[in-house]
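Only one structure is covered here, and it is reproduced in the block below.
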Protein chains: 2
Amino acid sequence: MEKEITIYDLAKILALSPATVSRALNDHPAINVKTKMLIAEKAAELGYRSNTFASHLRTRKTNTLGVIVPRLNSNFMSTVLAGMEEVANNFGYNLLISQSLESEAKERANAKTMFNSRVDGLLVSVAYDTDSFDHFSAFIDRNIPVLFFDRVLAHPQCGNVVIDNEQAGYDAARHLLDEGCRKLIHVTGDLRRNVYADRLAGFQRAMKKADIRTDDTMILTTDLSQDAGRSVAEKIHQMDQKPGGLFIANDLCAVTCMQALQERGYSIPTDIAVVGFNNDPVSQVITPQLTTVFYPGYQMGKTAMMAVVGQLNGTKPLDFMEPIILRSELMIRRSSKRSESS
Amino acid sequence: MEKEITIYDLAKILALSPATVSRALNDHPAINVKTKMLIAEKAAELGYRSNTFASHLRTRKTNTLGVIVPRLNSNFMSTVLAGMEEVANNFGYNLLISQSLESEAKERANAKTMFNSRVDGLLVSVAYDTDSFDHFSAFIDRNIPVLFFDRVLAHPQCGNVVIDNEQAGYDAARHLLDEGCRKLIHVTGDLRRNVYADRLAGFQRAMKKADIRTDDTMILTTDLSQDAGRSVAEKIHQMDQKPGGLFIANDLCAVTCMQALQERGYSIPTDIAVVGFNNDPVSQVITPQLTTVFYPGYQMGKTAMMAVVGQLNGTKPLDFMEPIILRSELMIRRSSKRSESS
DNA sequence: CAAGTTAATGCAATCGGTTACAATACAAGA
DNA sequence: TCTTGTATTGTAACCGATTGCATTAACTTG
């Protein structure tokens, strides 16, 4: 096991002071170019690596950003993370990633860990049941940038990166209406979460505009799991008046529900038209292919990370507060096409 | 912005020495229980948090583990990561995660970053084109545990966590043969990677046992992307002698290929039976459902992390070298069932 | 040639815990 | 009473990089 080289070792070997070595390695302008070269060479030769702890201790910066997501193993989240990782990496930041498993308690614990690890910034998509903002205020108090993405909390000092869920919900419902469905059902998640509340709001706006009264029986609040998809199918099967269209706020749930309906003999889209959300790979694999809302996950990750990094580098100072809204798009596929129009 | 409390502040307030405070906070036996209580109380009251850098600087431990994966946004990998995260979190370790994007160069850069971040251990699933072990030897030299999972490199001092790919490949091919397919085609990835080489070996063993000669035209080496799936379908369409069975080493590719074949009018499994690999959610969504190999991703993540953590805690000292092999299982579904047997 | 600049480097304190090595106090044993 | 032991706390060096404030040498300029 080799001994670790320090700037003191380098200094001694080259008959210089540690200060000069430090400055040279950081490309300080006051240091002679030739000296820099000399030091860089020797450092490489001896396999010197900077001790980040000493450095962090002194500079009070960690070059590490925390990310808290509900789950790692969803197509959408892992795509977002991939985007984040790319940007962070480019700017020399490390990522500390943890998952809340949809529980506020765990999210709280994760936030605390991040705080104690002294991350320079935090990116969060909140859990299903998160009610309070408490666990993030420690960051705000210490001026550590906090940015929410996808599932956001509104807070005057936190950035938000989202899509226009209301509009997407409107478009989805509108499309089903356009295809001739009268009775619609919307399957949603926890309405404390903006993503679901907004999609619902859009759904209702479309209904209202079409002069169709919406009542509670048309809104099914679930956890959007695959099991939920199956039980939604069951519930529909029990209904006297079957819906003509189904708007489900998550592709995996929608797909499972479609399959369950098909097993029960329903034909899609003839009997029931279905629209999902996220443009998950499964949406293109199911028969008929699922109409869904394209969600720019990769770009969302990149954008969110850019915002935080910009904030830290002082590039983007103030425009942090206004939410960044990314474009989403309804991808019309066979699961909802009743008309012969195409 | 509140000022950060240090053990010196605590010491001054309580009229004690920093050493006592430090020991008390670390539950050192030499400190009086009452003193400990006193200090703990005050620390909580003032919102003291340990400065991990100062601590790491002194102790030379980071409590951080590095993970390098080819991509974050694949169902399999994100499941593995979810498992790793859970264990790491339980044992008080943080995770530094980065992706190589299937490039050895990026993997090399990532490894270097991890090294400079002084991770206590490293878990890697290598990129498509990784040839050398160089970038990991720095860790070995410094006695930092390195463990490979899924896509592994053999090295006497590195742990391996895998499934029995050879057997899985054998089972897949054997199943197709049992279903009456004579001419088989195997679509694989870069054969430098154990996972693909082993699956191929299993495939060949099954063929040999069935007394069918395998030649190069039966083995298609691709990047297993969705595009690859489409071009495989095209290639098959061009063949004079169509294969009766298709064993594709990745579900997403298999599914895309199936769709492309179906579009061209082939019926699955009647014309061509298909077997995939990974048990990705898409495999249950496509029609007909895809026969595939269940891959215990979550468990693989947990197991790999356990091995490293055990190593670091001195619990598991030596048995690190022998590879850990997890159970995989052929999930027989409709895409390969020709016989009426069930 | 003295005074003033400029360029390059060094000194030493600092960041906040950790820990080897005392130091102190008090009680028990000789 | 004096010695020894035990329990508890303190002193101070250290981990390695950073940086404000000199210092030194070399170069201009009047």
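Quick note on labels: first sequence line is chain A, next is B, and so on, each numbered from 1. This structure is a prediction, so every number in the text was calculated from the model and none was measured.
The distance from atom NZ of Lys12(B) to atom C1' of dT11(D) is 16 Å, rounded to the nearest whole Å. Here the C1' atom of nucleotide dT19(D) and the CD1 atom of Ile31(A) are 12 Å apart, to the nearest Å. Computed from coordinates, the His56(A) NE2 to dT19(D) P distance equals 13 Å when rounded to whole Å. The interatomic distance linking Ile39(B) (CD1) with dG10(D) (C1') rounds to 13 Å, in whole Å. In this structure, the CZ atom of Arg60(A) is 12 Å from the P atom of dT19(D), given to the nearest Å. Atom-to-atom, CG of Asp9(A) to C1' of dA17(D) comes out at 13 Å; the value is rounded to the nearest Å. What separates NE2 of His28(A) from C1' of dA17(D) is a distance of 15 Å, to the nearest Å. For the pair Lys61(A) NZ and dT19(D) C1', the interatomic distance rounds to 17 Å; values are reported in whole Å.
For the pair Glu102(A) and Arg151(A), the salt-bridge criterion is met [side-chain N within less than 4.0 Å of a carboxylate O]. Using a 4.0 Å cut-off between charged nitrogen and carboxylate oxygen, Arg192(B) and Asp129(B) do not count as a salt-bridge pair.
One finds a side-chain N or O of Asn32(B) lying less than 4.0 angstrom from the OP1 or OP2 phosphate oxygen of dT8(D). The phosphate of dA17(D) (OP1 or OP2) has no side-chain N or O of Thr59(A) nearer than 4.0 angstrom. Residue Arg49(A) has no polar side-chain atom (N or O) positioned under 4.0 Å from OP1 or OP2 of dG16(D).
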### Task
Let me see the working for Leu38(A) and Leu14(A) under side chain to side chain contact (heavy atoms under 4.5 Å, CB included), right down to the final yes or no.
CA-CA 9 Å; Leu38(A) 198 74; Leu14(A) 296 169; 4.2 Å; yes
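Contacts between residues 14-25 of chain A and DNA chain C, defined by a heavy-atom separation under 4.0 Å, are made by Ala15(A), Leu16(A), Ser17(A), Ala19(A), Thr20(A), Arg23(A).
Thr52(B) comes within 4.0 angstrom of nothing in the nucleic acid, heavy atoms only. If you check every strand for non-hydrogen atoms under 4.0 Å, Phe53(A) touches nothing.
Between Asn73(B) and Tyr298(A), the side chains place no donor N or O within less than 3.5 Å of an acceptor N or O (distance only, hydrogens not considered).
Under the 3.5 Å distance criterion, the side-chain polar atoms of Arg23(B) are left unmatched by any main-chain donor or acceptor of Ala30(B).
Looking at Asn89(B) and Gln99(A), their side chains never come closer than 4.5 Å, going by heavy atoms from C-beta outward. Side-chain atoms of Val126(B) and Glu107(B), non-hydrogen and from C-beta on, do get closer than 4.5 Å to each other.
Under the 30°/60° scheme for interplanar angles, the aromatic rings of Phe53(B) and His56(B) are found to stand perpendicular. Using the six-membered ring where Trp is involved, Phe148(A) and Phe136(A) have ring planes that are perpendicular, over 60° apart on the 30 and 60° scheme.
Rounded to 10 degrees, the angle separating the terminal helix axes of the helix from dC1(C)-dG30(D) to dA30(C)-dT1(D), each built from five base pairs, is 60°.
Here the range on DNA chain C touched by chain A, meaning any atom under 4.0 Å from one of its heavy atoms, is dA8(C) to dG16(C).
Of all non-hydrogen atoms in Asp9(A) and Glu4(A), the two that sit nearest each other are OD2-O, 3.7 Å.
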